[in-house]
Amino acid sequence: MPNIQDVLARIDHEKTQTLDELIELLKIPSVSTDPEFADEVVRCSEVLINKLRGLGFTTESLDYGGFPIVYGEWMGAPGRPTLLMYGHYDVQPADPIEEWRHPPFEPVVEDGYLIARGVTDDKAQMFSHLKAVEAILAERGSLPVNVKFLLEGEEESNSTSILRCVREDTEGKLACDAVLISDSDMLSPQQPLLYYGVRGITYMELEVHGPNRDLHSGMFGGAVANPLNALSKILASLTDAQGRVAIPGFYDDVRPLADWEREEARDVPHDEAEYLADLGVEAGFGEEGYSTVERVAMRPTCDVNGLWGGYQGAGQKTVLPASAGAKVSMRLVPNQDAAKIAELFEQHIRQIAPPGVRVEVRALDGANGVLIDTEGPIVEAAMEAMAEEWGARPLRVRGGGSLPIVEVFADQMKVPVMLLGFGLPGDGPHSPNERYAVEQLYGGIRSVVRILDRMP
Ligand SMILES: [Zn+2]
């Protein structure tokens, strides 16, 4: 586009309407994990379909067995590249409801922040994409590139439908030259981030069974293996004193960090004292030789997430429980295979389980870590666009969480996947009083305009 000032001016003039429209979207309690809200999730998808249709997009509600996937395309720029924009319109449950200062689905603006469930994750960010396209179309009547929207309603449950949708897209409906995802944060309003990798996960559950009933520890203790004792030994054997995972073979496929990655990790501002104070702990913990920034996103982990067995009530009960159990998750890094890690975990448990107990091991979930190629002219253009808006080029970082959709996009489509988000560190996705800075909303819209404008 010759000059985008007119588009930016329109975004500026329409700030109030933009905010009001987002507030309407936030009022829909599109909680995908709770069947009670199923109708609301569907209603949210309909609002988005109508929105896209109103913008002149060809739309479709895609059914892969779960909640509708909102699909829309505008292909009026023949010969130009196609950008696919992904987002999700479902939200986390609002619990614990009593910790909200305002009802979670009655958005309010407080000190420059919009407060509502799902505002940063991901409605406001997804909405930035829609509004950017709307502003360009209103000003110019056409877009500088072809645009496809793919908005799912199951990101907070399991993304089952969209994973199928992308994997089964044999006729190339979703074909594109790059994917843009805004479902992440920036370091500050002056420092955007480009996520070039996410961790994978292997989630296991184990149960240790001993005697056929709970026993009196005074009558049987010492002669019968105690499942809780056995479980404790098993869990203690999973990591060493530094938190390094002690399962044989666990690190075999871990891709070592490149020099540039360690350098850029050092460039991420991090105040360890502040970090620890915020968490209320006296000392950090983790694998020797790695910084906190590296530990939380670039190295694999093993954590017990839940533990049960025996007596949990007040006072004492001298019981030797019949069974005990634990949930264990391992965050994985690129080149580790989630299924292989599940096998290694199970083998290790079988190896060390003491005699007298029977151990059941189940894999609950698995996703591989991903590294995204951040080279090439499209990513470079997006980096420049972000720099223009926020005053600094995005730092390249890895995310510590898991995002299965990224792996599928990168794998199936073989195009750059750009994880450029507009949230801020204090937004509290999934937490009570989730928020989003109103200025980030407008900055996000302007960023997407600049990205579309600069696409080579
Ligand atoms: Zn999200």
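These figures come from a predicted structure and were not determined experimentally. All ligand and atom numbering here is 1-based and tracks the order in the structure.
A salt bridge (charged side-chain N to carboxylate O under 4.0 Å, His left out) with Arg393 holds for exactly one of Glu264, Glu384, Glu388; it is Glu384.
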Side-chain donor-acceptor pairs under 3.5 Å in residues 75-89, sequence neighbours left out?
{"residue": "Arg80", "atom": "NE", "partner": "Pro144", "partner atom": "O", "Å": "2.9"}
{"residue": "Arg80", "atom": "NH2", "partner": "Met455", "partner atom": "O", "Å": "2.9"}
{"residue": "Tyr86", "atom": "OH", "partner": "Glu152", "partner atom": "OE2", "Å": "2.5"}
{"residue": "His88", "atom": "ND1", "partner": "Asp90", "partner atom": "O", "Å": "3.1"}
{"residue": "His88", "atom": "ND1", "partner": "Asp90", "partner atom": "OD1", "Å": "3.0"}
{"residue": "His88", "atom": "NE2", "partner": "Asp121", "partner atom": "OD1", "Å": "2.9"}
{"residue": "His88", "atom": "NE2", "partner": "Glu155", "partner atom": "OE1", "Å": "3.3"}
{"residue": "His88", "atom": "NE2", "partner": "Asp183", "partner atom": "OD2", "Å": "3.1"}
{"residue": "Tyr89", "atom": "OH", "partner": "Pro68", "partner atom": "O", "Å": "2.6"}

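Lys148 places a side-chain N or O within 3.5 Å of a backbone atom of Ala175 that can act as its donor or acceptor partner. A donor-acceptor contact shorter than 3.5 Å links the side chain of Glu261 to the backbone of Ala258. For Arg295 (side chain) and Glu287 (main-chain N/O), a donor-acceptor pair under 3.5 Å exists by modelled atom type.
By the criterion of a separation under 2.8 Å, the protein N/O/S atoms near the Zn ion (ligand 1) amount to His88 NE2, Asp121 OD1, Asp183 OD1, Asp183 OD2.
Figure legend: cation-pi geometry between Arg244 and Phe250 absent, as NZ or CZ is not positioned both under 6.0 Å from the six-membered ring centre and within 45° of its axis.
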